[in-house]
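From a predicted model like this one, the values you see are computed outputs, not experimental measurements.
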Amino acid sequence: QVQLVESGGGLVQAGGSLRLSCAATGRAFSSHAVGWFRQAPGKERERVAAINWSGEDTYYEDSVKGRFTVSRDNSKNTAYLQMNSLKPEDTADYYCAAATPPPHIPLRRVGATDYDYWGQGTQVTVSS
């Protein structure tokens, strides 16, 4: 069992930065891949980025590539999403999730339905 709690959201001006944290409880966190998702009002949830259990493999959607960086510190049971050069269209509720995909499945193919555990979300608002 893994429980996830996001933090670090807030209001920021366009071009600014935020760092989201995803703190996990449960001894199995280090064996889980972590995904970051977001959902804007009136829109479907979309994947943003993901990182495998060791941190050696990462994946980013094109919309955030080059601006967002996903990382993790398994010694602290925490994953992070560093968001730079934020745009108003990044405004959304951000969620982290944990999954244990088969080793042969690349991160880009691990979708929302593959994630077993979800946090409650943290709100990010980017003003223009």
Side-chain angles (χ1 to χ4, degrees):
Q1 189 79 7
V2 177
Q3 293 182 326
L4 305 172
V5 178
E6 302 93 337
S7 62
L11 173 65
V12 64
Q13 289 187 332
S17 298
L18 283 174
R19 187 196 197 198
L20 305 184
S21 296
C22 174
T25 57
R27 292 175 293 176
F29 175 72
S30 60
S31 65
H32 285 69
V34 173
W36 285 94
F37 296 78
R38 67 186 180 187
Q39 187 167 18
K43 295 187 177 181
E44 293 187 354
R45 180 178 55 191
E46 64 172 343
R47 182 180 52 184
V48 173
I51 187 167
N52 76 332
W53 67 274
S54 67
E56 294 179 348
D57 187 24
T58 57
Y59 173 80
Y60 300 93
E61 295 294 337
D62 288 344
S63 58
V64 304
K65 198 173 294 184
R67 300 188 299 121
F68 290 12
T69 302
V70 60
S71 62
R72 67 189 298 161
D73 185 341
N74 286 340
S75 68
K76 297 181 179 180
N77 272 8
T78 303
Y80 305 96
L81 184 67
Q82 177 67 43
M83 306 186 296
N84 298 329
S85 302
L86 283 161
K87 305 175 181 180
E89 51 263 43
D90 294 318
T91 295
D93 291 327
Y94 283 72
Y95 301 86
C96 65
T100 52
H104 64 282
I105 301 297
L107 281 176
R108 68 179 184 276
R109 292 180 54 190
V110 182
T113 57
D114 296 311
Y115 286 85
D116 303 306
Y117 306 103
W118 291 81
Q120 85 291 346
T122 185
Q123 189 174 52
V124 172
T125 303
V126 184
S127 63
S128 57

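- For residues 108-128, the set of pairs meeting the ring-ring contact (aromatic ring centres under 6.0 Å, His included) definition, not counting sequence neighbours, comprises His32-Tyr117, Phe37-Tyr115, Phe37-Trp118.
- Heavy-atom minimum distance, Asp57 versus Leu107: O-CD1, 3.3 Å.
- For the pair Val110/Ile105, a side-chain contact is recorded, criterion being any heavy-atom separation below 4.5 Å from C-beta on.
- For residues 1-14, the set of pairs meeting the salt bridge (charged side-chain N to carboxylate O under 4.0 Å, His left out) definition, not counting sequence neighbours, is empty.
- With sequence neighbours left out, Glu61 forms a side-chain contact (heavy atoms from CB on, under 4.5 Å) with Arg47, Tyr59, Ser63.
- Other residues, nucleotides and ligands contribute at most 12 non-hydrogen atoms within 6.0 Å of the CD atom of Gln3.
- Thr58 meets the side-chain contact (heavy atoms from CB on, under 4.5 Å) test with Ile51, Tyr60, Val70; sequence neighbours excluded.
- Here the side chain of Thr91 pairs a donor or acceptor atom with the backbone of Val126 at under 3.5 angstrom.
- When each of Val48, Leu86, Leu81 is paired with Val64, the side-chain contact (heavy atoms from CB on, under 4.5 Å) condition holds for Val48 and for no other.
- Using a 4.5 Å cut-off between side-chain heavy atoms of Ile, Leu, Val, Met, Phe, Trp and Tyr, Trp53 forms no hydrophobic cluster with any other residue.
- The side-chain hydrogen bond (donor to acceptor under 3.5 Å, both in side chains) check on Thr113 picks up nothing, with sequence neighbours excluded.
- Scanning for salt bridge (charged side-chain N to carboxylate O under 4.0 Å, His left out) contacts around Lys43 gives an empty result, with sequence neighbours left out.
- The disulfide bond (SG atoms under 2.5 Å apart) contacts involving residues 56-85 comprise nothing, where partners must be two or more places apart or lie in separate chains.
- Of all the heavy atoms in Thr78 and Lys76, the pair that sits closest is OG1-O, 2.8 Å.
- Nearest heavy atom pair, residue Gly8 against residue Thr122, reads N-OG1, 4.2 Å.
- Within the structure, salt bridge (charged side-chain N to carboxylate O under 4.0 Å, His left out) pairs that include any residue of residues 103-120 do not occur (at least two apart or interchain).
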Side-chain polar contacts of residues 11-25 - donor-acceptor pairs under 3.5 angstrom, sequence neighbours left out - could you list them?
| unit_1 | atom_1 | unit_2 | atom_2 | d |
| --- | --- | --- | --- | --- |
| Ser17 | OG | Asn84 | OD1 | 2.9 |

Would you list the atom pairs, donor with acceptor, under 3.5 Å between side chains in residues 93-103 and any protein atom, with sequence neighbours excluded?
| unit_1 | atom_1 | unit_2 | atom_2 | d |
| --- | --- | --- | --- | --- |
| Tyr94 | OH | Arg38 | NH1 | 2.9 |
| Tyr94 | OH | Asp90 | O | 2.6 |

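- Contacts of Ser54 classified as side-chain hydrogen bond (donor to acceptor under 3.5 Å, both in side chains), with partners at least two apart in sequence or in another chain: Asn52.
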